[in-house]
Amino acid sequence: MLNAPRLDGTDPFAATVRSITEPDPVHAALRAAGPLVQVDAPAGGPAWIVTDNDLAREVFADPLISKDPAFAPLCWDPRTAGLEQTAAEQPSLTTLEGSEHADLRHAHAPLLSARRIGEQSDRIHAIARKLLTELAADRTEVDLMAGFTTRFPLTVLLDLLGIPLDHLDEAADACRLMLSGRPDAQGSAISALSRLAAAGLGEDCRGLAAELRDRVPAHTTQEQLQYHLFALIFAGQLTTDAALGTLIAYALADGPHPDPVGGASVDELVRETLRRHPPAPFSLWRFTTTEIELAGTRLPARAPVLVDIRGINTDPARSPGPDLAFGAGPHYCIGARLAQLELRAVATVLRTDFPDARLILPLTELRQASIGGLQGSRLTALPVTLHG
Ligand code: HEM
């Protein structure tokens, strides 16, 4: 039996700020170390990171590896480890497993299917057009990270869920609070988003929130339903916000730069942006429910395991085929169709309605910052002119 190699001298969970075009050395270092690499977990003790595509897909599908924080190492303090409550305390798509997870997926899936999301295409393009036109009318130069990338996915989500848009600022504040790093922030932000989700559940509401209410398992309480809606809003905003920054930066990059993505078709631009800059660079935490063997290493029960999504997606030896930007297996991103449509809509509207739009700064001067942990990075600013 082997021991997985350790990654020493590099902290994969450190906060960073670097140029958007600068490769992230952590993922190359992890990949070079082996298919399964032992690191120090931010919450204490060892953790294992999977850097190999086939092994990652095994881990994503393995019923002995659970996302339920009930299996987290006993030494982890759930308040500082950034974990959700256990599935028993607060059932959610991200923490339930097995048949309970399948039942909840079954309730959500038709609402976010390719057909249902496709029917929203005109509406989502119209939201992108309206928000960008308003920004273009007001100013010659605009920072799209401040004025657009948060508001656009939130507007789309609230609109789809049937939550009145006068809650938009409240929702944006809660999403920002969630990432503020303040000790009480997560609880307050979850309460705020769960509370405003209730605005989509009134008797006369006709959005996806009301439809979900009618589809969730019968034992679901109102508080649990509101948490499911919080999860959709938060998971859908955070990731798409970051992805939009990178996508727009590459779409508008002025003049020659070392990146071929700029001249690509909209679909290719979206696919390549997500492959190379996945907004979730790591999967969420998973934990072994029993002792298991992984890549020849014996892991104890309660071992924390992560998949290095960005490292696998950018592996030069990677075979063609689907990447891991949206995960894989039973927890594959339920909002993938919506996210892809949102990104395509923005790239298309920029090309058709703002053909002269460009970055104010060279691409290489755009900085992306990560607060560390499992969080992906987000551009610190995206100054553009929409009129050329
Ligand atoms: C570019 C945008 C997005 C990316 C890159 C992304 C990525 C991911 C990934 C990697 C996972 C799996 C995590 C794991 O298994 O550890 C996931 C799950 C999930 N995503 Fe997304 N996501 C995006 C947008 C969205 C949107 C728009 C929504 C909501 C409408 C959403 C809702 C969810 C939910 C609820 C889960 C949990 C699914 C489950 O565990 O069954 N995501 N996402």
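We're numbering straight along the sequence, starting at 1. Counting convention: from 1, in listed order, for ligands and their atoms alike. In what follows, every heavy atom counts, from backbone to side chain, and hydrogens, waters and symmetry copies are set aside. Computed from a predicted model, the values in this text were never measured in an experiment.
Those atoms of ligand 1 that come under 4.0 Å of a heavy atom in H101, given as number and element, are 39 (C), 40 (O), 41 (O). With ligand atoms numbered from 1 in the order given, ligand 1 contributes 14 (C), 15 (O), 16 (O) to contacts under 4.0 Å with heavy atoms of R286. With ligand atoms numbered from 1 in the order given, ligand 1 contributes 5 (C), 7 (C), 10 (C) to contacts under 4.0 Å with heavy atoms of A325. Within ligand 1, counting atoms from 1 as listed, the ones closer than 4.0 Å to a heavy atom of T94 are 37 (C), 40 (O). Of all the atoms in ligand 1, the ones that sit under 4.0 Å from a non-hydrogen atom of L284 are 16 (O). Applying the 4.0 Å criterion to heavy atoms of L338 picks out, from ligand 1, the atoms 30 (C). The distance from ligand 1 to the heavy atoms of S283 drops below 4.0 Å at these ligand atoms: 16 (O).
Scanning the protein for heavy atoms near atom 29 (C) of ligand 1, the closest one is L232 O, 3.6 Å. Ranking protein heavy atoms by distance to atom 14 (C) of ligand 1, first place goes to K67 NZ, 3.3 Å.
Across every non-hydrogen atom of H387 and A136, the tightest pair is NE2-O, 3.1 Å.
Under the 3.5 Å distance criterion, the side-chain polar atoms of T288 are matched with a main-chain donor or acceptor of R302.
Using a 3.5 Å distance cut-off with no hydrogens or angles, the side chains of T51 and D308 do not pair a donor with an acceptor. A donor-acceptor contact closer than 3.5 angstrom links the side chains of Y227 and E84.
Counting only residues at least two apart or on different chains, the side-chain hydrogen bond (donor to acceptor under 3.5 Å, both in side chains) pairs with a member in residues 56-73 are N53-R57.
Under the 4.5 Å side-chain heavy-atom criterion for Ile, Leu, Val, Met, Phe, Trp and Tyr, L104 and I190 are members of the same hydrophobic cluster.
For H331, a nitrogen or oxygen atom sits less than 3.5 Å from a nitrogen or oxygen atom of ligand 1, counting backbone and side chain alike. Residue contacts with ligand 1: R105 is placed with a nitrogen or oxygen under 3.5 Å of a nitrogen or oxygen of the ligand (distance criterion only).
Classification of D323 and R275 as a salt-bridged pair fails, no side-chain N sitting under 4.0 Å from a carboxylate O. Using a 4.0 Å cut-off between charged nitrogen and carboxylate oxygen, R151 and E134 do not count as a salt-bridge pair.
Ligand 1 lies nowhere less than 4.0 angstrom from a heavy atom belonging to P278. For the ligand labelled ligand 1, residue A231 lies outside the 4.0 Å heavy-atom shell.
Annotation for D122: atom CG does not count as buried by contact number, only 12 or fewer foreign heavy atoms lying within 6.0 Å. No more than 12 heavy atoms of other residues, nucleotides or ligands lie within 6.0 Å of CD in E100, so this atom counts as exposed by the packing criterion. Under a cut-off of 6.0 angstrom, the local environment of CZ in R337 is sparse, with at most 12 non-hydrogen atoms contributed by other residues, nucleotides or ligands.
Using a 4.5 Å heavy-atom cutoff, the side chains of F13 and V39 are in contact. T240 is not listed as a side-chain neighbour of F152, based on a closest heavy-atom distance of 4.5 Å or more.
Residue-and-atom listing of protein N/O/S atoms under 2.8 Å from atom 21 (Fe) of ligand 1, sorted by chain and number: C333 SG.
Residue contacts with ligand 1 for L274 involve side-chain atoms from C-beta outward but no N, CA, C or O (heavy atoms, distance under 4.0 Å).
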